Trainee: 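My questions all concern the structure below.
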Amino acid sequence: MTTVLLVVVCLLAVVVFIQIGAQVELFEQVRQIRGYLDIEDKPTTVELGTLQGASPSRFGLPSVLDHAEQAMVLFVSDKCETCRNLVAALRGGAVPLSMWVVVVPVRGDGNEFINEFGLHGERVILDDEERIVGSLGLDLTPVALHIAEGKLTRAHTVPSVRQMYAATPVSYQYSLARKPSV
Amino acid sequence: MTSSVAGVVGQGALIAVFLVAALSKILTHRALTQTISKLGFSAIARPAALIVIGAELLAVTAMTIMPSATWPRGLIALLALSFAGAGIHALGLGEKIKCGCFGGGGAALGWRQVLYLPLWLGLAAVAEFAPPSWSADEGLAGLAALLLALVAWKLLAEVRLWRVLRGDRMVTPNPTRHENAEVPAA
């Protein structure tokens, strides 16, 4: 009886191993396809080059950032779909602490976009005439620009809401009770 | 270490290694068929792949339930010699041929198989000189434990992958609204 039971366990274990192995193979293929289609939730580094270590105010960003210990500036345009997904999460000005939002108007003057998502707050900036992105040489959105000790440190794309919150220097907790303070 | 313990360790190691190799080859048997084809045996590649997998499983099962029998260790020695021969043949062809020894992976056939030959033969020889004396039930219990450990290992790999894919799926925008996902700001 014991022998039969052990044989059954061994056979079942082999079957389960092969089935899980086949699933792993399938998952690997899906990941490969996602990578090929460029729909992985992975930020891409944006090279700052000589801008690294520069003061934010040099590029038209608020001078308060020159004294920020840790901060992140999110550049969004009113045209890209990912930007709309990101600001939809910030609707009503629910911008996490230590995060600033720069709205780059492409289609209009940007005010319509700000009003649509209720992006009203002291840490939301409208980049009139693309003065900030122009001086930074930034031609992509959405992009997160990180500031540490008042200096530009690094930048990367923000492919999702999840990555946006992950990029905030002060960890942000989802809460059903209240939105983060502006 | 007494000789019997050495035999248990030697035979146990052979069982573990060849079990993992056989199960991995089942999952990627086409890769093994391609390897055999590239070695110049395309006419018999498919049956040869089945024979290799079958021989590995047979040797593992026999070493488990008949620990003192000589022929399973002889089969292991034969398999090890075949792998080393395949490695030397691949080196002679001067072409990089994927091994497929443990399923996927990019390792190529070559010196590795030749270097492993003394290890497999050594373990088989140690087990032959001091054969283990466990019963068939004890062997099967050990095999079941090893298989369950392998299932757990594979399951961990699956969960890791699943988490990544699920995260990607949760953040992927509705495909009907994908236009201008990332556009120049200016």
Side-chain angles (χ1 to χ4, degrees), chain A residues 2-28 30-31 34-35 38-42 44 75-85 102 104-106 127 130 132-134 138-143 157-163, chain B residues 19-20 22-29 31 57 60-61 64-65 103-104 135-186:
Chain A
T2 311
T3 308
V4 173
L5 194 66
L6 287 168
V7 169
V8 170
V9 169
C10 286
L11 289 175
L12 281 176
V14 168
V15 170
V16 172
F17 181 90
I18 292 169
Q19 290 214 328
I20 295 174
Q23 275 189 322
V24 168
E25 178 62 25
L26 191 67
F27 287 176
E28 285 283 8
V30 173
R31 192 165 71 165
R34 282 184 168 276
D38 202 19
I39 52 172
E40 286 176 313
D41 184 28
K42 200 185 293 178
T44 306
F75 290 87
V76 290
S77 76
D78 58 355
K79 191 179 174 188
C80 85
E81 195 60 41
T82 309
C83 302
R84 297 182 72 83
N85 289 333
V102 175
V104 185
V106 178
D127 187 15
E130 295 168 16
I132 300 172
V133 288
L138 192 64
D139 57 359
L140 274 178
T141 53
V143 163
T157 58
V158 187
S160 67
V161 173
R162 184 175 69 157
Q163 294 296 345
Chain B
L19 179 63
V20 172
L23 291 177
S24 304
K25 285 190 186 97
I26 290 173
L27 290 170
T28 57
H29 61 95
L57 285 175
V60 165
T61 310
T64 304
I65 59 175
S135 67
D137 277 358
E138 286 170 340
L140 279 171
L143 186 65
L146 181 60
L147 280 165
L148 290 175
L150 289 174
V151 167
W153 166 65
K154 208 69 177 171
L155 199 59
L156 280 176
E158 186 187 30
V159 169
R160 271 197 296 271
L161 264 172
W162 171 74
R163 278 185 179 159
V164 173
L165 291 179
R166 186 173 182 276
D168 277 350
R169 181 177 64 78
M170 300 289 277
V171 299
T172 304
N174 187 336
T176 58
R177 300 174 60 203
H178 71 282
E179 59 177 336
N180 301 325
E182 205 167 78
V183 297

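Throughout, a chain's letter reflects where its sequence line sits, starting with A, and its residues are numbered from 1. Remember, it's a predicted structure, so these values are computed and weren't measured experimentally.
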Trainee: What part of A/Val24 lies closer than 4.5 angstrom to a heavy atom of chain B: side chain, backbone, both or neither?
Mentor: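 For A/Val24, backbone and side chain are both near chain B.
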
Trainee: Can you find a heavy atom in the side chain of B/Leu165 that is under 4.5 Å from one in the side chain of A/Arg34?
Mentor: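 When only atoms from C-beta onward are counted, A/Arg34 and B/Leu165 do touch, with a gap below 4.5 Å.
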
Trainee: What residues, two or more places apart in sequence or in another chain, satisfy side chain to side chain donor-acceptor pair (under 3.5 Å) together with A/Thr3?
Mentor: B/Asp137

Trainee: Ignoring hydrogens, what is the shortest heavy-atom contact between B/Leu148 and A/Ala13? Give both atom names and the distance.
Mentor: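 Closest approach of B/Leu148 to A/Ala13: CD2-CB, 4.2 Å.
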
Trainee: Between A/Gln19 and chain B, with a heavy-atom cut-off of 4.5 Å, which part of the residue counts as in contact: side chain, backbone, both or neither?
Mentor: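 Answer is neither: A/Gln19 stays 4.5 Å or more from chain B.
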
Trainee: What are the two closest heavy atoms between B/Ala144 and A/Val9, and how far apart are they?
Mentor: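 What the structure gives for the nearest pair is CB-CG1, 3.9 Å.
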
Trainee: Check each atom of B/Ala136 against the heavy atoms of chain A and say whether the ones under 4.5 Å are side chain, backbone, both or neither.
Mentor: neither

Trainee: Quick one: of B/Leu19, B/Ile65, B/Leu150, B/Leu146, who has the most non-hydrogen atom pairs under 4.5 Å with chain A?
Mentor: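 Among B/Leu19, B/Ile65, B/Leu150, B/Leu146, the one with the most close pairs to chain A is B/Leu150.
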
Trainee: For B/Trp162, is it the side chain, the backbone, both, or neither that has a heavy atom closer than 4.5 Å to a heavy atom of chain A?
Mentor: both

Trainee: Measure B/Ile26 against the heavy atoms of chain A and call it side chain, backbone, both or neither at under 4.5 Å.
Mentor: side chain

Trainee: Please state whether the side chain, the backbone, both or neither of B/Leu155 comes within less than 4.5 Å of a heavy atom of chain A.
Mentor: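 For B/Leu155, the contact with chain A is made by backbone and side chain together.
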
Trainee: For the atom pair CG (B/Leu147) and CG (A/Leu6), what is the distance rounded to the nearest 0.5 Å?
Mentor: 11.0 Å

Trainee: Could you grab the distance from atom OG1 of A/Thr2 to atom CD of B/Glu138, nearest 0.5 Å is fine?
Mentor: 11.5 Å

